[in-house]
Colleague: 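Could you have a look at this structure, given as structure tokens, before my questions?
Protein chains get the first letters and strands the later ones, always in sequence-line order, with residue 1 at the start of each.
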Protein chains: 2
Amino acid sequence: MSSDHQPYHHGNLREALLEAAFRLVDSQGPEAFSMRALARDAGVSSAAPFRHFSDKRVLLDAVAERARAELDRTLDEATAQCADALTQFRAMTVAYVRFAAEHPTLFDLIHSAGSTPGRFPGDLNDERRLKLIALIYEGQNAGLIPEADPELIALTSEALTHGLARMVVDGHPRLASLSSEDARKLALAATQLLQSGIGLS
Amino acid sequence: MSSDHQPYHHGNLREALLEAAFRLVDSQGPEAFSMRALARDAGVSSAAPFRHFSDKRVLLDAVAERARAELDRTLDEATAQCADALTQFRAMTVAYVRFAAEHPTLFDLIHSAGSTPGRFPGDLNDERRLKLIALIYEGQNAGLIPEADPELIALTSEALTHGLARMVVDGHPRLASLSSEDARKLALAATQLLQSGIGLS
DNA sequence: TTTAGGTGTGAGCGGTGCTAACATTAGCGG
DNA sequence: CCGCTAATGTTAGCACCGCTCACACCTAAA
């Protein structure tokens, strides 16, 4: 006579699964979760999740997308309070590496999830990339940056940042036990080193 | 009455498994192989592989180690014919990125296989890293390189190379469809850009 | 109120990594 | 050459996985 039996419909399964998966991936990596376990945790049968995500890959892609949004948000926050474009760019580099250090598995997933093919999955979005190139043009017009190909300069900056982040994630010997504060300093130093080469003050 | 029945012992199972796994990972990525399939291909029962590799992870680690050796060999070949240390370093950068472009899944595995913990799994080995730092000292003594922390300079170079390689592997929009010849040029250009910043000619 | 469709269930298929108990064989000390 | 041990293979099987199918249920629009 128990009248408080669970409702037949969960009500918010999709979101619950996504949320749980996100937390699991963030804390233990993508290997650490299974559809079935997710279903169990949500108090639902093992077949239910497939009503919302046709595929495990699809769920992972959704998680990756959420992580990407999180990265985006972080970068926005980091650059919001910067006056000039140059310090904006530096702050972005720092925030990027810091995010990688604090959420290594998410950072990893972002780049390995081949969700939207033809798009570099996890890095700067197009808007940001354009902004960067615009900054370089600006600098060249002001005579601050030598007349090298702006795309090349942008690419080089991006590569440096990305490489730094990955080295942190992958456990480079000199970077593995880095606090995120140390990561901050390193990112800043390396970026300035590169920029001094390019010609920025 | 078939007198030519298979010998009970394979004779070379460990090597055969390793070889097959290596090829599979190289051509289709680490998801594409299972212990059981490997056993089938070797004409052996599904439990046999575990006599040689206690764990799937262990096998993958062995594959990663082989890949790492391959990378090492490639880098050695690339730098063998270079006269001075500077062009050696540049050739190494180019070869590194090229390897990543030609063997993306191996490159990936090398870095994700947490085999020997505490060691940056897939990058330059210690010997090479020391050589790089020595080169920087040399340059500083000759007055060619400013007196920044040599470790920082080395780290920055390494990050740039590593980042470039990863962007190629992960499918960066401007880098995805890069031929390995284009990768060569890019690596060279970016490296020179950085080095001109540091002070190398 | 009916009905269509979105969301849940249970059973089950073929696959996986891995283990345990047993079989065969190679190789070494006598 | 014999016999023993350890290495290497076998079969059977456990627990789990992703995923599918047929069916049950509930909701909301007509």
Colleague: Look at the side-chain N and O atoms of A:H52 and state whether any lies under 4.0 Å from the OP1 or OP2 oxygen of C:dG6.
Modeller: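 Checking C:dG6 against A:H52, no side-chain N or O comes under 4.0 Å of OP1 or OP2.
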Colleague: Please examine the side chains of B:F53 and B:M35, heavy atoms only from C-beta on, and report whether any two atoms are closer than 4.5 Å.
Modeller: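 Heavy-atom side-chain distance check fails, nothing below 4.5 Å.
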Colleague: Atom CZ of A:R51 and atom P of C:dT9: how far apart are they, to the nearest Å?
Modeller: 11 Å
Colleague: Between atom CZ in A:F50 and atom P in C:dG8, what is the gap in whole Å?
Modeller: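 In whole Å, C:dG8 P lies 14 Å from A:F50 CZ.
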Colleague: Just how far, in rounded Å, is P of C:dC18 from NZ of B:K56?
Modeller: 8 Å
Colleague: Which residues satisfy the side chain to side chain donor-acceptor pair (under 3.5 Å) test with B:R14, sequence neighbours excluded?
Modeller: none
Colleague: Give the rounded distance in Å between these two atoms: CG of A:L17 and P of D:dC19.
Modeller: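 The distance from CG of A:L17 to P of D:dC19 comes to 14 Å, rounded to the nearest Å.
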Colleague: Using heavy atoms and a sub-4.0 Å distance, could you list which residues of residues 22-45 of chain A are near DNA chain C? By number, please.
Modeller: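 Output list: A:R36, A:V44, A:S45.
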Colleague: Given side chains that start at C-beta, do those of A:M167 and B:L155 come closer than 4.5 Å, heavy atoms only?
Modeller: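 Yes - at least one pair of side-chain heavy atoms lies under 4.5 Å apart.
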Colleague: Tell me the side-chain hydrogen bond (donor to acceptor under 3.5 Å, both in side chains) pairs involving residues 20-37 of chain A, sequence neighbours left out?
Modeller: A:E19-A:R23, A:D26-A:H103
Colleague: Could you state the CG-P distance from B:N12 to D:dA7, rounded to the nearest angstrom?
Modeller: 18 Å
Colleague: Suppose we call two aromatic rings close when their centres sit under 6.0 Å apart. Are A:F22 and A:F33 close by that rule?
Modeller: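 They do not qualify: ring centres at least 6.0 Å apart.
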Colleague: When you look at B:R68 and B:L106, which way does the side chain to side chain contact (heavy atoms under 4.5 Å, CB included) test go after all the steps?
Modeller: CA-CA 9 Å; B:R68 197 173 300 131; B:L106 287 183; over 6 Å; no
